[in-house]
Amino acid sequence: MSRLLFRFFLVSSVALSLVCLDWAKSAVDSRYRLASVAEATECSVGSSFTYDQGSCTAALSCSSLDRVTIKYDSNFVGKNASGPNVTVTAITGSTCNVSISKISGSSNCGYKIKWYNSNARLKIDTQAKSGASDCEMKIQLEAPSAANVETQSGDDDDDKDKDDDDDDDTDYGITGNKADVQVVGAKGKVKIKTTSGDIYADITSSEVKATSDTGDITVKGLTQKATIKTDEGNVRVQYCKAPADNNNDFYLKIKENTGDANLLFPEGSQFKMSIDTPDDSLRNDFSSCSSCDFKLDGKVKHYLFISKFSLETGKTDACKY
């Protein structure tokens, strides 16, 4: 058995786990919803950081909400919470529900919830002051499904540049750093960046950007344009419908030879295959379409598996939201 075929059997179980799901259009599973906290303190909303609360909740009017931004401080630690440190869950209606819990750290660990652009953009920020190195929080946000998880040029912010939180982050809605990040049910643009945190997105979106230094990336529910980049992590991606034949391409880059990639497309999808891979490291269930405008581009230094799955009889897509 060739090393590629052996590796395929090891990875194929992941592909099957992505396919064998309930893909009927539905509301977000109740297990992703926020738990009720009857006696929680109300979160502060405004221009200042709050440091003296262990946990809080808030219900905000989000009738004008267009974009959501969350920044998990680069000095915060992650992965000790029960579940992801940062979660955005889509809901119906026009109310945003916020829950913030301090997992560890002292009064040097703070948060800030602030509106921008006439309540069109909601930002949740965090900060470690006085050299604190033990801060960890769990931030959960429920927001309308149409809200974009991104930042756009011209967003009004507190830092010196005019587009996002840091000069090297141009459009990420969630800057997770060491935090594991989860987004469920979103139907707008979704753009997430971490350093060591894992990224998990179960969505229906025509534009996704997910990058991490060492974290694994899983995105289910792509429909068109995507950029997925990691230095060392593994990548699992599923398109819930065949992408349109245009120039809104899929770009994948895994910098080191320690991460594998598994891409799933509905049967009948067409694309031009332009991802650079080493010899004997590619398994592709599709034939490359040389005349197609939509292409898979990028570079992978380890194993790349491109697989197909069948849609339910009578269905034109497997999009969940």
Side-chain angles (χ1 to χ4, degrees), residues 23 25-29 32-34 60-72 84 86-98 113-125 139-157 163-165 169-176 179 181-194 199-212 217-229 237-244 246-251 317-321:
W23 285 108
K25 290 180 172 66
S26 62
V28 171
D29 192 304
Y32 293 118
R33 296 294 307 274
L34 292 181
L60 309 174
S61 175
C62 287
S63 58
S64 300
L65 183 67
D66 177 64
R67 295 189 296 283
V68 169
T69 305
I70 300 175
K71 183 179 180 182
Y72 194 81
V86 177
T87 300
V88 175
T89 303
I91 57 173
T92 58
S94 58
T95 298
C96 290
N97 300 308
V98 180
I113 303 172
K114 186 177 179 181
W115 288 103
Y116 295 89
N117 298 12
S118 301
N119 288 10
R121 178 188 174 214
L122 178 65
K123 179 182 178 182
I124 301 175
D125 204 351
I139 301 169
Q140 297 171 281
L141 170 66
E142 292 182 339
S145 60
N148 297 295
V149 184
E150 68 159 356
T151 296
Q152 293 182 346
S153 178
D155 275 342
D156 189 10
D157 220 327
D163 51 10
D164 199 10
D165 305 302
D169 293 340
T170 57
D171 59 354
Y172 293 101
I174 299 177
T175 304
V181 175
Q182 175 179 279
V183 177
V184 175
K187 294 190 283 189
K189 299 175 183 178
V190 176
K191 300 179 182 182
I192 307 167
K193 179 179 182 179
T194 69
I199 295 172
Y200 175 86
D202 182 3
I203 56 182
T204 299
S205 176
S206 62
E207 186 171 345
V208 172
K209 184 177 181 181
T211 68
S212 181
I217 299 174
T218 299
V219 180
K220 298 184 292 184
L222 283 171
T223 65
Q224 194 65 45
K225 182 179 181 180
T227 297
I228 311 291
K229 295 189 293 185
V237 167
Q238 184 182 45
Y239 273 74
C240 64
K241 63 184 293 187
N246 57 39
N247 292 318
N248 291 315
D249 300 325
F250 175 86
Y251 179 84
D317 64 62
C319 298
K320 196 172 180 180
Y321 305 106

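We use all heavy atoms of the structure for the numbers below, so side chains are in, but hydrogens, waters and symmetry mates are not.
At a threshold of 4.5 Å between non-hydrogen side-chain atoms, the residues Ser94 and Ser64 do not count as touching. Residues Phe250 and Leu222 meet the side-chain proximity criterion, which asks for heavy atoms closer than 4.5 Å. Side-chain contact check for Asp317 versus Cys240: every heavy-atom pair is 4.5 Å or farther apart.
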Exercise. Could you check Val88 against Val190 for side chain to side chain contact (heavy atoms under 4.5 Å, CB included), going step by step and ending with a plain yes or no?
Key: CA-CA 10 Å; Val88 175; Val190 176; over 6 Å; no
Self-check item: Stepwise side chain to side chain contact (heavy atoms under 4.5 Å, CB included) test for Asp171 and Lys189
Solution: CA-CA 10 Å; Asp171 59 354; Lys189 299 175 183 178; over 6 Å; no
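For the residue pair Ser212 and Thr194, a side-chain donor N or O sits within less than 3.5 Å of a side-chain acceptor on the partner. In summary, the side chains of Lys225 and Tyr251 do not present any donor paired with an acceptor at a separation below 3.5 Å, with no hydrogens or angles considered.
Note that the CD atom of Gln182 and the CD1 atom of Ile192 stand 10.0 Å from one another [nearest 0.5 Å]. With rounding to the nearest 0.5 Å, the separation of NZ in Lys114 from CG in Leu122 is 12.0 Å. With rounding to the nearest 0.5 angstrom, the OH atom of Tyr116 is 9.0 Å from the OG1 atom of Thr69. Separating the CG atom in Asn119 from the OG atom in Ser63 is a distance of 8.0 Å, to the nearest 0.5 Å. In this structure, CD1 in Ile203 is found 12.0 Å from NZ in Lys320, a value given to the nearest 0.5 Å. Rounding to the nearest 0.5 Å gives a distance of 7.5 Å between CG of Asn248 and CD of Glu207.
For the pair Asn148 (side chain) and Glu150 (backbone), a donor-acceptor distance under 3.5 Å is absent. Ser145 places no side-chain N or O within donor-acceptor distance of the main-chain N or O of Ile91, the cut-off being under 3.5 Å. Using a distance-only test at 3.5 Å, with no hydrogens or angles considered, a donor-acceptor pair links the side chain of Thr204 to the main chain of Tyr321. A donor-acceptor contact shorter than 3.5 Å is absent between the side chain of Tyr172 and the backbone of Thr151.
Here the closest heavy-atom approach between residue Leu65 and residue Ala147 is recorded as CD2-CB, 3.9 Å. Considering every non-hydrogen atom in both Lys229 and Ile217, the closest pair reads O-CD1, 3.5 Å. Residues Gly188 and Ser205 approach most closely at O-OG, 2.8 Å, considering heavy atoms. Taking both residues in full, the closest heavy atoms of Thr223 and Cys319 are given as CG2-SG, 4.0 Å, listed atom of the first, atom of the second, then distance. When all heavy atoms of Trp115 and Cys62 are compared, the closest pair comes out as CH2-SG, 3.6 Å.
No more than 12 heavy atoms of other residues, nucleotides or ligands shown are found within 6.0 angstrom of NZ on Lys187.
The side chain to side chain contact (heavy atoms under 4.5 Å, CB included) with Ile228 is formed by just one residue from the set Val219, Ile199, Thr211, Thr218; it is Val219.
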